[in-house]
Visitor: 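Quick one: the structure is below, and I'll ask about it shortly.
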Amino acid sequence: SDLLLSGSLVTAVLFWYRNRSVANPLVPHGALRRTPAWGAMVVSFFVGAALIAAVVDIPIFARVTVHGGSQVAAALVLMRFLVGLPVGAFLGGWLARRVPAGVVVALGMAASGTGFVWMSQWGLESLRSPLATVPLVLGGLGVGLAMVPVNAALLAATDAPVHGVASSFLVVSRTVGKLVGISALTTLGLRRYYAEQADLPGPMEICRGGLTRCPEYNLMLRETGLTQLQTIFLGAAVCCVIAGLVALVVFRHADTRTVRTDPLGAGSG
């Protein structure tokens, strides 16, 4: 792990140096100098961190609670989240031409953050309730709502010749956010789990007759295990809040309502 991180850092430095020293760099100098441009990278990073928490941990939550015998059923729980993504993306594209990008992203992140906070309160039987669909759809809807305005803000703040590479960097930023997010949030979740586990009473204090296992103790272990996933969902909510607040600041001057696209796909404005 340390070796990979060190190698990545060295590679990034070498890329930066090479990009600055050649006549025709892959990333033209100053291509992302405007605040909405580099701000879009920051927002996309935190959106990616929140998104990966849902994609990875919602099925896990379903498996350890109500769908322990079916991976398909657990995946269908995630589907409720994913259904909201295209709907949110459509609404986000429509709103981006009428409402400031920062406001649209903040609204989307507020919706997703609310959904994740709700999920962080789930218990062992929560997914049996029809109400469990509400935070799932809300979470997906909010992430989808944020994606188009972020892209539009990036295009509005960059010149047409660099739109391709700028969009690629946006995808990279979101991907890095996913990788860092799942690592950091899982670490926080495990820390919370081990802290809760350390405070558990011994099985003989719970089980009668000197038994080392009993339904009551097993239930306590399962509830303790959920604290890891609940912490991850809460961390994803924090990522949503950060993304929304950053968007309000960095997209203040991103005029996505005047972006135009020519027949060849190059944006302007």
Side-chain angles (χ1 to χ4, degrees), residues 1-16 32 38-65 71 74-75 77-79 81-82 84-85 105 108-109 111-122 135-136 139-140 142-144 146-147 150 167-198 221-247 250:
S1 175
D2 292 339
L3 183 62
L4 291 175
L5 288 175
S6 301
S8 299
L9 179 61
V10 170
T11 302
V13 171
L14 290 175
F15 174 80
W16 172 81
L32 303 175
W38 61 258
M41 307 297 172
V42 177
V43 174
S44 187
F45 176 91
F46 285 102
V47 171
L51 178 60
I52 197 63
V55 172
V56 172
D57 291 293
I58 287 174
I60 294 176
F61 191 99
R63 282 299 299 270
V64 301
T65 55
Q71 181 63 43
V77 174
L78 175 62
M79 187 64 65
F81 179 94
L82 298 178
L85 283 173
V105 175
M109 291 295 93
S112 287
T114 300
F116 280 118
V117 170
W118 192 332
M119 292 179 211
S120 72
Q121 305 302 311
W122 277 347
L136 289 166
V143 172
M147 286 186 173
V150 171
S167 298
S168 299
F169 267 82
L170 194 67
V171 175
V172 170
S173 178
R174 186 159 54 242
T175 302
V176 172
K178 292 177 182 179
L179 296 175
V180 175
I182 194 61
S183 300
L185 294 177
T186 300
T187 299
L188 291 173
L190 285 172
R191 181 177 180 180
R192 170 78 184 281
Y193 167 72
Y194 288 128
E196 293 286 335
Q197 189 182 51
L221 290 177
R222 291 182 66 199
E223 290 176 340
T224 302
L226 289 187
T227 59
Q228 176 186 348
L229 298 171
Q230 292 166 344
T231 301
I232 291 173
F233 290 145
L234 194 58
V238 172
C239 290
C240 290
V241 171
I242 295 174
L245 293 176
V246 171
V250 300

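Values in this document were obtained by computation on a predicted structure and should not be read as measured data.
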Visitor: Taking only residues two or more places apart in sequence, or in another chain, which ones meet Ala243 in a side chain to side chain contact (heavy atoms under 4.5 Å, CB included)?
Guide: Val43, Phe46, Val47, Met109

Visitor: For Gln121, check side chain to side chain contact (heavy atoms under 4.5 Å, CB included) against everything at least two apart and list the hits.
Guide: none

Visitor: If you compare all heavy atoms of Ala236 against all heavy atoms of Ala53, which two are closest, and at what distance to 0.1 Å?
Guide: CB-CB, 3.7 Å

Visitor: Is the number of heavy atoms from other residues, nucleotides or ligands under 6.0 Å of Phe15 CZ greater than 12?
Guide: yes

Visitor: So, for Cys240 and Ala50, which heavy atoms are closest and what is the spacing to 0.1 Å?
Guide: SG-CB, 3.7 Å

Visitor: List the atom pairs, with distances to 0.1 Å, where a side-chain N or O of residues 185-193 and a protein N or O form a donor-acceptor pair under 3.5 Å, not counting sequence neighbours.
Guide:
from, atom 1, to, atom 2, distance (Å)
Thr186, OG1, Ile182, O, 2.6
Thr187, OG1, Ser183, O, 2.8
Arg192, NE, Glu196, OE2, 3.2
Arg192, NH1, Thr231, OG1, 3.3
Tyr193, OH, Gln197, NE2, 3.0

Visitor: Please evaluate residues Val143 and Phe81 with respect to the criterion side-chain contact (heavy atoms from CB on, under 4.5 Å), reporting the C-alpha separation (whole Å), side-chain torsions for both, the decisive distance (0.1 Å), and the verdict.
Guide: CA-CA 10 Å; Val143 172; Phe81 179 94; 4.3 Å; yes

Visitor: How many angstroms lie between atom CG of Leu234 and atom SG of Cys239, to the nearest 0.5 angstrom?
Guide: 10.5 Å

Visitor: Do you know which two heavy atoms are closest between Gly48 and Lys178, and how far apart they sit?
Guide: O-CG, 3.3 Å

Visitor: Return a table of donor-acceptor pairs under 3.5 angstrom between the side chains of residues 55-65 and protein atoms on other chains or two or more places apart.
Guide:
from, atom 1, to, atom 2, distance (Å)
Arg63, NE, His67, O, 3.4
Arg63, NE, Gly68, O, 3.4
Arg63, NH1, Gln71, OE1, 2.5
Arg63, NH2, Gly68, O, 3.3
Thr65, OG1, Phe61, O, 2.7
Thr65, OG1, Ala62, O, 3.4

Visitor: With Met41, which residues qualify under side chain to side chain contact (heavy atoms under 4.5 Å, CB included), at least two apart?
Guide: Leu32, Leu154, Phe169, Leu170, Ser173

Visitor: For residues 113-120, which side-chain N or O atoms pair as donor and acceptor with protein atoms under 3.5 Å away, sequence neighbours left out?
Guide:
from, atom 1, to, atom 2, distance (Å)
Thr114, OG1, Ala110, O, 2.8
Ser120, OG, Val117, O, 2.5

Visitor: Please name all residues satisfying side chain to side chain contact (heavy atoms under 4.5 Å, CB included) with Val180, sequence neighbours left out, ordered by chain then number.
Guide: Phe45, Val176

